[in-house]
Amino acid sequence: MPSFLRKLRWPDILILAVLAGGIGYVVVMVEGTLNYQWRWHLIPDYILRWREDRGEWFANLLLQGLFTTIRISLYAGVLALALGVVLGIARCATNLTVRLLARTYMELLRNIPPVVIIFIFFFFLSQQLIDALDLNAWARDIARGDNAEVWEFFFGDMRRFPSLVSGVIVLALFESAFVGEIVRAGLQSVPNGQREAARAIGMGPIQEMRYVVLPQAMRKVTPPMANQFISLIKDSSIISLISVQDLTYKTVELVASTRLIFEAWITTAALYFVLCFGLSMLFRRLERPSRRS
Amino acid sequence: MTQQPVIIAQDISKRFNDFQALDRVSLTVDPGERVVICGPSGSGKSTLIRCFNGLETHDDGKLTVDGREMSEGSPHIRQLRQDVGMVFQQFNLFPHLTVLENLMIGPRKVRGLSRHKAEELARTYLDRVHIPEQADKKPEQLSGGQQQRVAIARALCMEPRVMLFDEPTSALDPEMIGEVLDVMVDLAQSGMTMVVVTHEMGFARKVADRMVFMEAGRIVEIAPPEKFFSNPETRRAQRFLNQILGH
């Protein structure tokens, strides 16, 4: 008997039994009342599909969506980090106007539901930006050009590039408020003596921030920052509402065309879980060696 | 030798809300002079030397350091700080940098020296504080005494004209005080201008040209050490000396 089983006492067994009963009940209800036809065997094809005509594997809806989600999260994460560092620094600035502006931005974003923010950013900001930069025409040219494959590796289908850009911008603007708050906490955790020591060797405010305060702050906030990145991946599902073809969007599409409601959503949930939990385990492992007492 | 004094404080005052930290303090420090400031805690000694490199700004009076007048938002304050070394009670080494990087960052980023030059300089001063072998360690791996010696070397790397010490041994375990004081005695013998806030009276007796005794934000007595220790003028200085030397 494995050791964890031996550690179980009767209340544990009772709790587990009740839980198993509950799950069993739900399953029976789904089976009985919904009269649902499970068609799990169809799902793998929507992840990876063998194409007879070309004799190669290709990523179908769900995997395409997952790739888009990963790309968007990565770019939005980098952008949010940059914006968040600026916000965090501004939040601690000596200048009152700068401080209030940063504070206003962060408080607004943190106290409005993400969906609302994302619609506002999308219609007011990214649409205008994309029109102004004429990104549509530019991306179309690339899609027809010679290097299309390289671009597609980084940005997916180039015809959908403008939507990817607005997804990234919207998500980054939203997450930057949280990153900013983390950076602020990090900056404030650096003891004042460090700033004084920097000033005492003649550093100006920018050098003091760049060489002394910021590196220490960022080191301290790596764990919450990693968590925030995982949140970002989860939050990225919201941008399916502005037609960015991420995993959630593709799942909606799949469900609409095949009625594989339960199978598709459970698969999507599993994909998100594996991605986020995997990252969280990875971050935990990376953190460990640096944690010296 | 009639050189201009390095520090001229004329009637400088400083308030923190209701607390009068400095009350019309006047003090002159000549080049090559070693001044030790002592006094009970809260007497304003730290505030005074923090004014000397602009970490605090005085509210009233006139303060000239290295020929430059210090005032609120003084434009040459950064220039001045490069020429005034400061050693803190809590060392304040940069924990994310190695010992060598701690010493090099000032010369490189502030003075604009090349990496090579800065490293040469850093190694020279690390030798001078007797810990060349710790160059690649992080500050947290060093003992308190070693950390404070690195902090002294870091200040020296800027090749300052005057060194300020703010209770450099107060945060140290007793067995490490000696090694730090030795370095400071060396420094004094090399002719460095020093202003030291400390309670180490043995050190003061050995190196000080003048003792400054402060209480309640004022300078109560200034005297050469022989006189200060054997026959202080004021009752308050006498009482203070009895307290710290009495047992």
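So you know, we letter chains A, B, ... as the sequences are listed, proteins then strands, and number each from 1.
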*Asks:* More than 12 heavy atoms of other residues, nucleotides or ligands under 6.0 Å from CZ of A/Arg99: is that the case?
*Replies:*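 More than 12 within 6.0 Å, yes.
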
*Asks:* Might you confirm whether atom OH of A/Tyr272 has over 12 heavy atoms from other residues, nucleotides or ligands at distances under 6.0 Å?
*Replies:*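 Atom OH in A/Tyr272 is packed in, count exceeds 12.
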
*Asks:* If you count heavy-atom pairs under 4.5 Å with chain A, which of B/Pro95, B/Gly106, B/Gly54 comes out on top?
*Replies:*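 Going by pairs under 4.5 Å, I would pick B/Pro95.
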
*Asks:* Can you tell me how far CD of B/Glu101 sits from OH of A/Tyr211, rounded to the nearest 0.5 angstrom?
*Replies:*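 The CD atom of B/Glu101 is 12.5 Å from OH of A/Tyr211, to the nearest 0.5 Å.
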
*Asks:* Between B/Asn92 (side chain only) and A/Gly193 (backbone N and O only), is there a donor and an acceptor less than 3.5 Å apart?
*Replies:*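 Checking the backbone N and O of A/Gly193 against the side chain of B/Asn92, a donor-acceptor pair under 3.5 Å is found.
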
*Asks:* Counting only heavy atoms not in A/Leu96 (residues, nucleotides, ligands), do more than 12 fall under 6.0 Å from its CG?
*Replies:*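 More than 12 heavy atoms, drawn from other residues, nucleotides or ligands, come within 6.0 Å of this atom.
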
*Asks:* Could you tell me which portion of B/Arg111 (side chain, backbone, both or neither) has an atom closer than 4.5 angstrom to a non-hydrogen atom of chain A?
*Replies:*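 Neither part; nothing is under 4.5 Å.
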
*Asks:* Considering all heavy atoms of both residues, which atom of A/Met203 and which atom of B/Val110 are nearest to each other, and what is their separation?
*Replies:*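 The pair with the smallest heavy-atom distance is CG-CG2, 3.6 Å.
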
*Asks:* Quick one: does B/Leu55's side chain get under 4.5 Å of A/Arg199's, heavy atoms only?
*Replies:*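 Yes. Closest side-chain heavy atoms under 4.5 Å.
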
*Asks:* Which region of B/Phe88, side chain (C-beta onward) or backbone (N, CA, C, O), has a non-hydrogen atom less than 4.5 Å from a non-hydrogen atom of chain A, or is it both or neither?
*Replies:*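 Contact with chain A: side chain only.
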
*Asks:* Check whether B/Leu80 gets within reach of chain A through its side chain, its backbone, both or neither, counting any heavy atom under 4.5 Å.
*Replies:*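 For B/Leu80, neither part sits under 4.5 Å from chain A.
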
*Asks:* Between B/His96 and A/Arg219, is there a donor-acceptor pair closer than 3.5 Å when you use the side chain of the first and the backbone of the second?
*Replies:*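 No; judged by distance alone, with no hydrogens or angles, the pair does not exist.
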
*Asks:* So for B/Val87, is it side chain, backbone, both, or neither that comes closer than 4.5 Å to the heavy atoms of chain A?
*Replies:*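 Nothing of B/Val87, per the 4.5 Å heavy-atom cut-off to chain A.
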
*Asks:* Looking at every non-hydrogen atom in both residues, tell me the closest pair between B/Arg154 and A/Ala197 and how far apart they are.
*Replies:*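 Closest approach of B/Arg154 to A/Ala197: NH2-CB, 3.5 Å.
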
*Asks:* For A/Phe154, I'd like to know if atom CZ has over 12 heavy atoms of other residues, nucleotides or ligands within 6.0 Å.
*Replies:*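 No - once you tally the heavy atoms of other residues, nucleotides and ligands closer than 6.0 Å, there are 12 at most.
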
*Asks:* Taking all heavy atoms of B/Met158 and all of A/Ile201, pick out the closest pair and write down the distance.
*Replies:*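 It is CE-O, 3.3 Å.
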
*Asks:* So A/Gln207 and B/Arg78, do their side chains get closer than 4.5 Å, heavy atoms only?
*Replies:*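 A side-chain contact exists here, since the closest heavy-atom pair is under 4.5 Å.
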
*Asks:* Start with the C-alpha gap between A/Glu196 and B/Arg50, add the side-chain angles, then the distance that decides, and say whether side-chain contact (heavy atoms from CB on, under 4.5 Å) holds.
*Replies:* CA-CA 10 Å; A/Glu196 290 190 345; B/Arg50 286 164 60 85; 2.6 Å; yes

